[in-house]
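Residue indices begin at 1 and follow the sequence shown.
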Amino acid sequence: MTVFILLACLGGVLVGLSRQLNGRLSISTTPLIASFWNHAIGFAALTCLGLFVGGLLPAGAAEAPWYAYLGGPIGVIFVAAGSWVIARIGAVNSALLIIGGQMVTGVVLDYARDVPASFWANATGIVLIVGGMMVSRGRRKAGGSQ
């Protein structure tokens, strides 16, 4: 179990590093160029890994429904938007925005799919997320830095 926890932490660090690099690259160039290089390097690295480890094209990939491949275009938009946002509001605020958005979207999707859940637990979670973001924003304004 410890190995998986360490892998999750490493993944989080690498995602944060990637966002920082994309944000810096987007300041020097444009968010679309930053997104292009992010995807080009990721594609090359994952292709090499897939060829080395095996299973580059898993069985049944051709039979997947068309919407299973929407992750690519959505990822391009997400990375480009993230590069643009990081340059304007900073890495910590963009991370809070992304995490908050994922949590709230998860709750909305659970309700849309009629997944059994506690309304009060979900409502409390959303209030805590929004409250934490407001407290973080208030502290920056009080400190004089934005």
Side-chain angles (χ1 to χ4, degrees), residues 3-115 117 121-146:
V3 172
F4 295 116
I5 292 171
L6 291 174
L7 285 174
C9 290
L10 176 64
V13 168
L14 292 176
V15 166
L17 179 63
S18 172
R19 287 187 183 140
Q20 287 286 349
L21 290 172
N22 285 338
R24 180 63 187 107
L25 182 58
S26 112
I27 291 171
S28 301
T29 59
T30 68
L32 287 178
I33 291 174
S35 178
F36 169 78
W37 283 110
N38 179 73
H39 285 87
I41 291 170
F43 175 75
L46 290 175
T47 299
C48 290
L49 183 66
L51 290 172
F52 179 73
V53 173
L56 181 62
L57 295 174
E63 289 82 34
W66 65 270
Y67 53 83
Y69 296 100
L70 286 178
I74 292 171
V76 169
I77 294 167
F78 182 81
V79 171
S83 298
W84 182 81
V85 166
I86 286 174
R88 278 140 186 88
I89 67 171
V92 173
N93 285 332
S94 64
L96 286 173
L97 186 64
I98 290 167
I99 292 167
Q102 288 174 339
M103 296 296 288
V104 172
T105 302
V107 170
V108 169
L109 289 175
D110 283 348
Y111 278 111
R113 296 184 66 206
D114 289 329
V115 174
N122 288 338
T124 303
I126 290 173
V127 167
L128 287 173
I129 290 167
V130 172
M133 293 174 82
M134 290 172 62
V135 167
S136 170
R137 183 119 177 110
R139 284 188 182 161
R140 270 192 318 284
K141 283 185 179 179
S145 64
Q146 273 186 329

Within 6.0 Å of OH in Y111, more than 12 heavy atoms from elsewhere
yes
Distance, nearest 0.5 Å, that separates SG of C48 from CZ of F43:
9.5 Å
Could you go step by step and tell me if F78 and I98 meet the side chain to side chain contact (heavy atoms under 4.5 Å, CB included) rule?
CA-CA 10 Å; F78 182 81; I98 290 167; 3.8 Å; yes
Roughly how far, to the nearest 0.5 Å, is the CG atom of L25 from the OG1 atom of T29?
4.0 Å
For N22 and A34, the nearest pair of non-hydrogen atoms, with its separation, is O-CB, 3.6 Å
How far does CD1 of I41 sit from CG of L46, to the nearest 0.5 angstrom?
12.0 Å
Within the structure provided, determine whether N122 and D110 are in side-chain contact (heavy-atom separation under 4.5 Å).
no
Minimum heavy-atom distance between N38 and S18, given as atom pair plus value:
OD1-OG, 3.3 Å
More than 12 heavy atoms of other residues, nucleotides or ligands under 6.0 Å from OH of Y67: is that the case?
no
Of all heavy-atom pairs between P65 and Y69, which one has the smallest distance, and what is that distance?
O-CD1, 3.8 Å
